[in-house]
Protein chains: 2
Amino acid sequence: MNLKELAATLNLSQTTVSRALNGYPEVREETRARVLAAAKAANYAPNSRARRLATGRAMTIGHVIPLTGRAEMVNPIFADFLIGAGEVYAREGYDLLLSMVTDGDSEAAFRQIAANGSVDGVMVQAPQITDPRIALLQELDLPFLVHGRTGDAEGYSWLDIANIRAFRRATEFLLDLGHRRIALLNGQECFDFARRRRQGFEDALEARGVAPLPHLMANDAMTEGFGYLSASAMLDGPEPPTAFLASSVIIAIGIRRACGERGLRMGRDISVICHDDELSYLNNDVGGPAFTATRSSIRAAGRRCAEILIDLIRNPEQPPIQELWETDLTVGRSTGPCPAA
Amino acid sequence: MNLKELAATLNLSQTTVSRALNGYPEVREETRARVLAAAKAANYAPNSRARRLATGRAMTIGHVIPLTGRAEMVNPIFADFLIGAGEVYAREGYDLLLSMVTDGDSEAAFRQIAANGSVDGVMVQAPQITDPRIALLQELDLPFLVHGRTGDAEGYSWLDIANIRAFRRATEFLLDLGHRRIALLNGQECFDFARRRRQGFEDALEARGVAPLPHLMANDAMTEGFGYLSASAMLDGPEPPTAFLASSVIIAIGIRRACGERGLRMGRDISVICHDDELSYLNNDVGGPAFTATRSSIRAAGRRCAEILIDLIRNPEQPPIQELWETDLTVGRSTGPCPAA
DNA sequence: CACCGATCCCAAAGCGCTTTGGGTTGGCGC
DNA sequence: GCGCCAACCCAAAGCGCTTTGGGATCGGTG
């Protein structure tokens, strides 16, 4: 069933039927009702391909996920982000186009997307310190929103959390408990967020005159295995840490495993703080907060990012929108005073 | 830049340019080369909206993710599945359209998708015991592939793992170690896979004349919190289990936490087996397999599912394709002989 | 009564591509 | 020289929708 046929059965023109369906005022309410009823009865829905061609709008937003060779670090994070964003897209009538591109083909992918007009805008996640995507998208004149930020963070729209403050605060929390040998298990430092987190960590140490210990700092894809191996090595090595600061709950779970194997009780023998993205399947609050954590809902971020991006698409001429979210600090059972040496 | 303009600069007709670009034989190789060069120089890519309308193919595959109110149980799983499928789609020139629908709107969503022709086929994940989606998609005559299966599993295409055998095998493994009080922490039993897993578990017990203990069986969304809470309650209750069988690594991580808090060492005081989907960020092999586990790569499943679905779309008249994958059993450090009572 | 502005509706022109159904050329066999 | 087949190329007709630019109709006004 297409518009033409539907119009024929109604003895109306395509124009009128189209207008009736799309809520234009030039059609009598009685006629509109008749059209809507017929459309529903015939199970008619306008062909989206035709509509997109005619309107010039794709009504689609692209999420381009770079698959970095060895580990898809965004993986656990991006699922919840996607769900949040997807809720908003659905509500606003946008489709979500997901592209996986192997790292390096990223530029070609964006050019392709821009040239063939399959999306109205794109979401950029996990920007790296020097990230060519932003300049490229500006050049291509494609609306985009960055989750995170990088460079001077000016001239484009982004939503980010206050990583530096979050990690400074977390570090101070540990310092206040008397910890001095604090380990940082961070995400890969090619990413802007990881750099900021380290900076927050180092700022706090420096403010208290505590020297950061290179052998207690590691960064890599935020997997459970990374947390486990790094924590194991540090705990078994010389000058083991009395506390850990981790960039993700997943890393913290690896740390917990390493501690468990060594008979160390979290919150007593060893302290752990992590950043909690509030992943749905790793809820930190069940049974009272397990980890002391800085937290910010990644799903809420996804929702808000989607809203902003849609706004950007609808009003292309507005100035950049930038939002910085503060994190909460939840005190859980994983931290305690530094045991006397 | 569009086809018309490109054709004009080349002094060729749109027809010829289109054919040259799409690899049709009616055009001289020299001409084709000239066209390709010009297209590249002008950074031309055919407008996908127009192409889709003209060809009648959407070149898009839909993944419809139901958001069940309280917990998006597929969440941790579906991300890796998506990545696997996405790789194949990208390779084959298909786009991936992701729809989040709140449970219950599912039927309307499928009807909409079918009527407006935005996808050529859909992927169905996590089928429930009685799942209306399959009959609906058959009625709508939309190609689809089910990851998992349900009902009589006939008349439609699916790819599934041998859940019954996997869980029977895992249970036997524990029985062979002398365990008799084995707990099952399963996914929600509205899902077919969870029912099959329980059946495998019960089959193994029955074959050895061991009665299943209702107070040692629980099922819910497969979160860390569920694993933690259930395991805690069982361990603190009467007749505590000596071993756990869990439907997901994530549940097992919760069990590990509960054990850790109680000073129970996995593999010695308590045994844990789980099913491992080989989630990228929860690699069980780092530092030697932590959990004894039945395993099957969810990402590989995503890849294969995508291949099958594309095959189904390209050859609609073929008989259903059905694949059953066996799982591996990896012995890790989380299991050991049942401690003497 | 002529005129005018609302109100309701329509025919037809795109949107940018693919594809049908030829047309033109040149070379070859007879 | 004629006919015929390849090899190349083209004009134009869609694909199914939106949107432009009017054309009727009708009640109210001066």
Side-chain angles (χ1 to χ4, degrees), chain A residues 1-36 38-39 42-60 93-95 112-120 314, chain B residues 1-36 38-39 42-60 93-95 112-120 314:
Chain A
M1 171 64 75
N2 59 25
L3 226 210
K4 197 167 165 185
E5 293 164 22
L6 183 64
T9 70
L10 282 162
N11 279 324
L12 286 172
S13 72
Q14 293 189 41
T15 310
T16 303
V17 176
S18 171
R19 284 184 164 152
L21 292 173
N22 291 310
Y24 283 82
E26 298 92 336
V27 38
R28 207 179 356 166
E29 277 314 317
E30 180 198 322
T31 309
R32 188 194 307 282
R34 204 158 61 89
V35 170
L36 287 174
N43 206 359
Y44 168 81
N47 181 295
S48 68
R49 297 191 290 268
R51 182 203 280 256
R52 281 158 212 234
L53 179 58
T55 59
R57 275 169 289 132
M59 291 309 285
T60 301
Y94 280 83
D95 280 343
Q112 174 75 16
I113 276 178
N116 78 180
S118 51
V119 304
D120 299 317
R314 289 189 181 146
Chain B
M1 171 64 76
N2 60 24
L3 227 210
K4 197 168 166 183
E5 293 164 24
L6 183 63
T9 70
L10 283 162
N11 279 324
L12 286 172
S13 73
Q14 293 190 41
T15 309
T16 304
V17 176
S18 171
R19 285 184 162 153
L21 293 173
N22 291 311
Y24 283 82
E26 300 92 335
V27 39
R28 208 181 352 170
E29 276 314 316
E30 180 197 321
T31 309
R32 187 192 308 281
R34 205 158 62 90
V35 170
L36 287 173
N43 206 359
Y44 168 81
N47 182 294
S48 69
R49 296 192 290 267
R51 181 202 279 256
R52 281 158 210 228
L53 179 58
T55 60
R57 275 170 288 132
M59 290 310 285
T60 302
Y94 280 82
D95 280 342
Q112 172 77 15
I113 276 178
N116 78 179
S118 51
V119 303
D120 299 317
R314 290 191 180 142

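Every heavy atom of this structure was used, including side-chain atoms; hydrogens, water molecules and symmetry mates were not. Residue numbers begin at 1 in each chain, while the letters A, B, ... track the order of the sequences.
- Between the C1' atom of D:dG16 and the CZ atom of B:Arg51 lies a distance of 18 Å, rounded to the nearest Å.
- OP1 and OP2 of D:dA7 both lie 4.0 Å or more from every side-chain N or O belonging to B:Arg28.
- Checking the phosphate oxygens (OP1, OP2) of C:dC10, a side-chain nitrogen or oxygen of A:Thr16 falls inside 4.0 Å.
- Regarding contacts with the backbone of C:dC15, every side-chain N or O of B:Asn2 stays at 4.0 angstrom or more from both OP1 and OP2.
- Atoms CG and OG, on A:Leu12 and A:Ser18 in that order, are 12.0 Å from each other to the nearest 0.5 Å.
- In this structure, the separation between CG on A:Asp120 and CE on A:Met59 is 7.0 Å, given to the nearest 0.5 Å.
- Side-chain to base pairing of A:Thr15 with D:dT18: no donor and acceptor N or O lie closer than 3.5 Å to each other.
- In this model, the phosphate group of C:dC15 is not approached by any side-chain N or O of B:Asn47 to a distance below 4.0 Å at OP1 or OP2.
- Residues B:Arg19 and A:Ala50 both approach DNA chain D. Their nearest nucleotides, taken by heavy-atom distance, put B:Arg19 toward the 5′ side.
- In this structure, B:Asn11 reaches the sugar-phosphate backbone alone: every heavy-atom distance under 4.0 Å involves primed, P, OP1 or OP2 atoms, never a base.
- Remark: B:Glu29 CD to B:Thr31 OG1 distance equals 9.0 Å, nearest 0.5 Å.
- Side-chain N or O atoms of A:Asn116 include one that pairs as donor or acceptor with a backbone N or O of A:Ile113 at under 3.5 Å.
- D:dG16 atom C1' lies 13 Å from atom CG of A:Asn22, rounded to whole Å.
- Residue A:Tyr24 has a polar side-chain atom (N or O) positioned under 4.0 Å from OP1 or OP2 of D:dT19.
- For B:Thr31, no side-chain nitrogen or oxygen approaches OP1 or OP2 of D:dC8 to under 4.0 Å.
- If you check C:dT19, D:dC17, D:dC9 against the side chain of B:Arg57, the one that comes closest is C:dT19.
- B:Glu26 has its CD atom 10 Å from the P atom of C:dT20, to the nearest Å.
- Atom CZ in B:Arg34 sits roughly 12 Å away from atom C1' in D:dC8 (whole-Å rounding).
- For C:dG16, neither phosphate oxygen OP1 nor OP2 lies less than 4.0 angstrom from any side-chain nitrogen or oxygen of B:Tyr44.
- Atom CZ of B:Arg32 is separated from atom CD of B:Glu26 by 9.0 Å, given to the nearest 0.5 angstrom.
- Taken from OG1 in B:Thr60 to CG in A:Asp95, the straight-line distance is 9.0 Å, to the nearest 0.5 Å.
- Residue A:Lys4 contributes atom NZ, which lies 12 Å from atom C1' of D:dC17 at whole-angstrom precision.
- Rounded to whole angstrom, the span from the CZ atom of B:Arg52 across to the C1' atom of C:dC17 amounts to 12 Å.
- Remark: P of C:dC8 and CD of A:Glu30 are 10 Å apart, rounded to the nearest angstrom.
- Whole-Å rounding puts the B:Glu29 CD to D:dC9 P distance at 11 Å.
- Each of B:Val27 and B:Leu53 lies near DNA chain D, and the nucleotide nearest B:Val27 is the one positioned closer to the 5' end.
- Between the side chain of B:Thr55 and the base of C:dT19 there is no donor-acceptor pair of N/O atoms closer than 3.5 Å.
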